[in-house]
Amino acid sequence: MQIGVESSKATDQRRVFVIDEDEITRAALQFMLHDEIETHELASPEEAYEKDAWLTPALILLGASFLKARGLDLVTEIVGKFPGVRILTVCDKADEGLAVEAMRKGAAGALVKPLTIENVRKKVDVVLGRGGAAPLIQLSIT
């Protein structure tokens, strides 16, 4: 455990799946979160579905490239496979519109690159309702 990591968060039994085609993004997000929450890197939604037999995520960080390639119904598909899971879209500034559309389908929000440890941890804490994080404010998207 590293300095500055809250032990109550480090013992949280929930887990995060980082699903992104980009190996560097997956590794960076896993590195940013692994001290405070169990985090798994996966190259595709199918890899996540295979783990379902023994691991269930509380949160999925989903690369926007999958939404571009497979469409927004992927959000609905993932929620169907993992009932109760929260999804954050990981995207570039140029793909924020896609992230908003994903929110209309049920995603909880987005992580917009460039990613920082503080912002990623804060957003994950908010979405999971962990340890003193500010409450999640849901905006009405029309």
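Please read all numbers here as calculations on a predicted model, not as lab measurements. Positions are given from 1 along the sequence.
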Considering only distance and modelled atom types, tabulate donor-acceptor pairs under 3.5 Å from the side chains of residues 105-113, sequence neighbours left out.
from: Lys105; atom 1: NZ; to: Asp73; atom 2: OD1; distance (Å): 2.9
from: Lys113; atom 1: NZ; to: Thr25; atom 2: OG1; distance (Å): 3.3

Expected output: side-chain [X] to main-chain [Y] donor-acceptor under 3.5 Å:
X: Asp92; Y: Ala94; result: no
X: Arg14; Y: Leu128; result: yes
X: Arg15; Y: Thr56; result: yes
X: Arg26; Y: Asp20; result: yes

Side chain proximity check, [X] to [Y], heavy atoms < 4.5 angstrom:
X: Leu98; Y: Leu72; answer: yes
X: Leu67; Y: Glu101; answer: no
X: Leu61; Y: Leu33; answer: yes
X: Leu29; Y: Val120; answer: yes
X: Leu55; Y: Glu38; answer: yes
X: Lys123; Y: Asn119; answer: no

Could you measure the distance from the [atom1] atom of [X] to the [atom2] atom of [Y]? Nearest 0.5 Å is fine.
X: Leu62; Y: Ile78; atom1: CG; atom2: CD1; result: 4.5 Å
X: Glu36; Y: Arg121; atom1: CD; atom2: CZ; result: 4.0 Å
X: Phe31; Y: Thr39; atom1: CZ; atom2: OG1; result: 12.0 Å
X: Glu23; Y: Gln30; atom1: CD; atom2: CD; result: 12.0 Å
X: Asp95; Y: Lys68; atom1: CG; atom2: NZ; result: 3.5 Å
X: Leu115; Y: Ile117; atom1: CG; atom2: CD1; result: 10.5 Å

Checklist entry - Is the shortest side-chain N to carboxylate O distance from Arg70 to Glu77 below 4.0 Å? => result no

Checklist entry - Aromatic rings Tyr49 and Phe82: how do their planes relate, parallel, tilted or perpendicular, breaks at 30° and 60°? => result tilted

Item to check | Heavy-atom closest pair, residues Ala48 and Ile19 | outcome: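 Heavy atoms only, the tightest pair is CB-CD1, 3.7 Å.
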
Next on the checklist: Tell me the closest heavy-atom pair linking Phe66 and Ser44, and the distance in Å.
Outcome noted: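 Reported closest heavy-atom pair: CZ-CA, 3.7 Å.
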
